[in-house]
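On a predicted model such as this, the values are computed, not experimentally measured, just so you know.
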Amino acid sequence: MCFVDPVRQCAECSVISQKEMEFYDRQLKVLMNGATFYITQGSSEKSENVVCRLSNNHRYLFLDGEDHYEIEVARISTVQILTEGFTPGDIHTYTSLLESQCIIEGGNSRATGMLIQYKPQGSDELLQMKFTTSEDFNSNKKMSASWLAAMHKAAKLLYESRDQ
């Protein structure tokens, strides 16, 4: 809630502030450090190896590979964390800033990718981008999984705070 000094809060706001503080202390650094993914745009078969990170002002996802992409976080409408685990086809879905839809959450699983829908700057067209972790162990798969887990928490936090 962007408080610098201690303030009085009701019980509900206190819970939200605590979740935000935990996110800023633990997950934000992971998102800003970035991780390596293969991205696929729309229905394209071609994938590109990129480093994805959150910008210093927390407003954009920067994707650097052969090309440079900037996705404004406020224009992301849907974040789906693709997982593999005890439930086949388990998908965690969090709809964020532009629309309001339900949340689907599964059991124990491991993040293997992310699917986002967003509207590019100056356009009302909804685009889709798929992020998948690399099978190449040199690309630090653990770092990519940590980044996806942090993004999952970010989307969940945004959805919950918006719902209040």
Using a 4.5 Å cut-off on heavy atoms from C-beta on, say whether the side chain of F131 contacts that of I116.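 With C-beta onward as the side chain, the pair touches.
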
Do V50 and T36 make a side-chain contact, defined as non-hydrogen atoms from C-beta onward lying under 4.5 Å apart?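 No - every pair of side-chain heavy atoms lies 4.5 Å or more apart.
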
Check: Q41 side chain, Q128 main-chain N or O, donor-acceptor pair, under 3.5 Å: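 Not confirmed, Q41 side chain does not pair with Q128 backbone.
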
Spell out, as yes or no, whether a donor-acceptor pair under 3.5 Å connects the side chain of S14 to the backbone of C10.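 Not confirmed, S14 side chain does not pair with C10 backbone.
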
Passes side-chain contact (heavy atoms from CB on, under 4.5 Å), M114 versus W147? Steps please. CA-CA 10 Å; M114 173 175 74; W147 195 93; 3.7 Å; yes

Quick one: [atom1] on [X] to [atom2] on [Y], what's the gap to the nearest 0.5 Å?
{"X": "Q27", "Y": "S146", "atom1": "CD", "atom2": "OG", "value": "8.5 Å"}
{"X": "S47", "Y": "F37", "atom1": "OG", "atom2": "CZ", "value": "13.5 Å"}
{"X": "I81", "Y": "K153", "atom1": "CD1", "atom2": "NZ", "value": "11.5 Å"}
{"X": "T132", "Y": "N49", "atom1": "OG1", "atom2": "CG", "value": "9.0 Å"}
{"X": "L127", "Y": "S77", "atom1": "CG", "atom2": "OG", "value": "10.0 Å"}
{"X": "M129", "Y": "I39", "atom1": "CE", "atom2": "CD1", "value": "4.0 Å"}

Heavy atoms only: give me the nearest [X]-[Y] pair and the separation to one decimal.
{"X": "S144", "Y": "A35", "value": "CA-CB, 3.6 Å"}
{"X": "S123", "Y": "K119", "value": "O-CB, 3.7 Å"}
{"X": "R53", "Y": "M32", "value": "CB-O, 3.6 Å"}
{"X": "T40", "Y": "K46", "value": "CG2-O, 3.7 Å"}
{"X": "L148", "Y": "T133", "value": "CD1-CG2, 3.8 Å"}
{"X": "M151", "Y": "L31", "value": "N-CD2, 3.7 Å"}

Steps toward side-chain contact (heavy atoms from CB on, under 4.5 Å) verdict (M21, D25): CA-CA 6 Å; M21 188 168 34; D25 287 346; 3.7 Å; yes

For the pair L61 and I76, evaluate side-chain contact (heavy atoms from CB on, under 4.5 Å) and give the outcome as yes or no after the intermediate values. CA-CA 10 Å; L61 287 181; I76 297 174; 4.0 Å; yes

With S44, which residues qualify under side-chain hydrogen bond (donor to acceptor under 3.5 Å, both in side chains), at least two apart?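 By the side-chain hydrogen bond (donor to acceptor under 3.5 Å, both in side chains) rule, S44 matches no residue at all.
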
My understanding is that only residues two or more places apart in sequence, or in another chain, count here; which of them pass side-chain hydrogen bond (donor to acceptor under 3.5 Å, both in side chains) with E22?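 side-chain hydrogen bond (donor to acceptor under 3.5 Å, both in side chains) list for E22, sorted by chain: Q18.
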
In terms of hydrophobic clustering (I, L, V, M, F, W, Y; side-chain heavy atoms under 4.5 Å; direct or indirect links), are L28 and V30 co-clustered?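 Cluster IDs for L28 and V30 match.
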
Do E48 and Y69 have side-chain atoms, one donor and one acceptor, less than 3.5 Å apart?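 Side-chain D/A pair, E48 to Y69: present.
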
Could you give all pairs that pass the ring pair (Phe, Tyr, Trp, His ring centres under 6.0 Å) test and reach residues 41-63, with sequence neighbours left out?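 Residue pairs with at least one partner in residues 41-63: F62-H68.
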
Verdict with reasoning, V73 to L54, per side-chain contact (heavy atoms from CB on, under 4.5 Å): CA-CA 9 Å; V73 172; L54 187 64; 4.0 Å; yes

